[in-house]
*Asks:* 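To start, I am sharing the structure in question, which I have written as structure tokens.
Sequential numbering from 1 along the given sequence is applied to the chain's residues.
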Amino acid sequence: QVQLVESGGGLVQAGGSLRLSCAASGRTFSSHGMGWFRQAPGKEREFVAAINWSGASPYYADSVKGRFTISRDNTKNTVYLQMNSLKFEDTAVYYCAAGLFGRRIYDYDYWGQGTQVTVSS
């Protein structure tokens, strides 16, 4: 069992940066792939970024490639999402998830409650 708690969301102007954190409880964190997803009002939840159990091979949605960076620290049971050059369209609730190393919602078994990111234009 893995419990996930996101933090770091907030209000930022377009062009600004935020770093999201996702703290995991449970001894199996380091064996899981981790992902970040987001859901804007009226839209489906969409993939943002994923990273494998060792922190290698991160990959990103095309919409955030070059602006967002996913990383993890297995000694702290934490995964991060550094978001730079934020755009209005990045506004959403951001969720972290633990499971397989994939870009599909059903690749993940455990989900956090989400943290709101609002980008003002």
*Asks:* Answer yes or no: does atom CD of Q3 have more than 12 heavy-atom neighbours from other residues, nucleotides or ligands under 6.0 Å?
*Replies:*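 No, the 6.0 Å shell around CD holds no more than 12 heavy atoms from other groups.
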
*Asks:* Check T91 against A40 and note the closest heavy-atom contact, atom names and distance.
*Replies:*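 What the structure gives for the nearest pair is O-CB, 3.7 Å.
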
*Asks:* Over all heavy atoms of both residues, which pair between F88 and V119 is shortest? Give the atoms and the distance, please.
*Replies:*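 Scanning both residues, the minimum pair turns out to be CD1-O, 3.2 Å.
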
*Asks:* Over all heavy atoms of both residues, which pair between F101 and N52 is shortest? Give the atoms and the distance, please.
*Replies:*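 Taking every non-hydrogen atom into account, CE1-N, 3.4 Å.
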
*Asks:* Once rounded to the nearest 0.5 Å, what's the spacing between atom OG of S54 and atom CG of N74?
*Replies:*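 Between atom OG of S54 and atom CG of N74 there are 8.0 Å.
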
*Asks:* Consider only side-chain heavy atoms of I, L, V, M, F, W and Y, link residues closer than 4.5 Å, and tell whether I70 and M83 are in one cluster.
*Replies:*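 Yes, I70 connects to M83 through the hydrophobic network.
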
*Asks:* Apply the test side chain to side chain contact (heavy atoms under 4.5 Å, CB included) to residues L86 and F68: give CA-CA distance (whole Å), side-chain angles for both, the deciding distance (0.1 Å), then the verdict.
*Replies:* CA-CA 9 Å; L86 282 160; F68 289 12; 3.8 Å; yes

*Asks:* Any pair with a residue in residues 8-35 that passes ring-ring contact (aromatic ring centres under 6.0 Å, His included), sequence neighbours left out, goes on the list, sorted by first then second residue, please.
*Replies:*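 Qualifying pairs: H32-Y110.
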
*Asks:* Give, for atom CD1 of I105 and atom CD of E44, the distance between the pair rounded to the nearest 0.5 Å.
*Replies:*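 With rounding to 0.5 Å, CD1 (I105) is 7.5 Å from CD (E44).
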
*Asks:* Quick one: pull up CH2 in W53 and OG1 in T28 and give me the separation to the nearest 0.5 Å.
*Replies:*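 These two atoms lie 13.5 Å from each other.
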
*Asks:* For L81 versus A49, what's the shortest heavy-atom pair and its separation?
*Replies:*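 So the two residues come closest at CD1-CB, 4.2 Å.
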
*Asks:* Any cation-pi pair here, R19 with Y80, using under 6.0 Å and within 45°?
*Replies:*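 Pair R19/Y80 counts as cation-pi.
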
*Asks:* Apply side chain to side chain contact (heavy atoms under 4.5 Å, CB included) to the pair E6 and L20, showing each step before the final yes or no.
*Replies:* CA-CA 7 Å; E6 302 95 336; L20 305 183; over 6 Å; no

*Asks:* What do you reckon, is CD of Q113 surrounded by more than 12 foreign heavy atoms closer than 6.0 Å?
*Replies:*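 Open: at most 12 neighbouring heavy atoms sit under 6.0 Å from CD of Q113.
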
*Asks:* Heavy atoms only: give me the nearest V93-G114 pair and the separation to one decimal.
*Replies:*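 Minimum heavy-atom contact is CG1-CA, 3.8 Å.
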
*Asks:* With sequence neighbours excluded, what pairs up with D107 under the salt bridge (charged side-chain N to carboxylate O under 4.0 Å, His left out) test?
*Replies:*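 In terms of salt bridge (charged side-chain N to carboxylate O under 4.0 Å, His left out), with neighbours along the sequence ignored, D107 is linked to R104.
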
*Asks:* For K65, give me all partners under side chain to side chain contact (heavy atoms under 4.5 Å, CB included), at least two apart in sequence or on another chain.
*Replies:*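 Scan of K65 (side chain to side chain contact (heavy atoms under 4.5 Å, CB included), adjacent residues dropped) gives Y60, D62.
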
*Asks:* Between the main-chain N or O of R103 and the side-chain N or O of Y59, is there a donor-acceptor pair closer than 3.5 Å?
*Replies:*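 Flag set: sc Y59 to bb R103 pair under 3.5 Å.
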
*Asks:* Please determine whether residues W111 and V2 belong to a single hydrophobic cluster, defined as Ile, Leu, Val, Met, Phe, Trp and Tyr linked transitively by side-chain heavy-atom distances below 4.5 Å.
*Replies:*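 W111 and V2: separate clusters.
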
*Asks:* Before you tell me yes or no, could you show the steps for M34 and L4 under side chain to side chain contact (heavy atoms under 4.5 Å, CB included), namely the whole-Å CA-CA distance, both residues' side-chain angles and the distance that decides it to 0.1 Å?
*Replies:* CA-CA 11 Å; M34 297 295 297; L4 305 171; 4.1 Å; yes

*Asks:* If you look at every heavy atom in S121 and A14, which pair is closest and at what distance?
*Replies:*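 Nearest heavy atoms, S121 then A14: CA-CB, 4.3 Å.
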
*Asks:* About how many Å separate CZ of R38 and CZ of R45, when rounded to the nearest 0.5 Å?
*Replies:*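 Answer rounded to 0.5 Å: 13.0 Å.
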
*Asks:* Can you tell me how far CD of Q82 sits from CG of L18, rounded to the nearest 0.5 angstrom?
*Replies:*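 With rounding to 0.5 Å, CG (L18) is 8.5 Å from CD (Q82).
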
*Asks:* Decide yes or no on side chain to side chain contact (heavy atoms under 4.5 Å, CB included) for W36 and V79, but give the supporting numbers first.
*Replies:* CA-CA 9 Å; W36 285 98; V79 63; 4.0 Å; yes

*Asks:* Rounded to the nearest 0.5 Å, how far does OG of S30 lie from CZ of R72?
*Replies:*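 R72 atom CZ to S30 atom OG measures 7.0 Å (nearest 0.5 Å).
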
*Asks:* Please tell me whether F47 and Y108 form a close aromatic pair, meaning their ring centres lie under 6.0 Å apart.
*Replies:*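 No; Y108 has its ring centre 6.0 Å or more from that of F47.
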
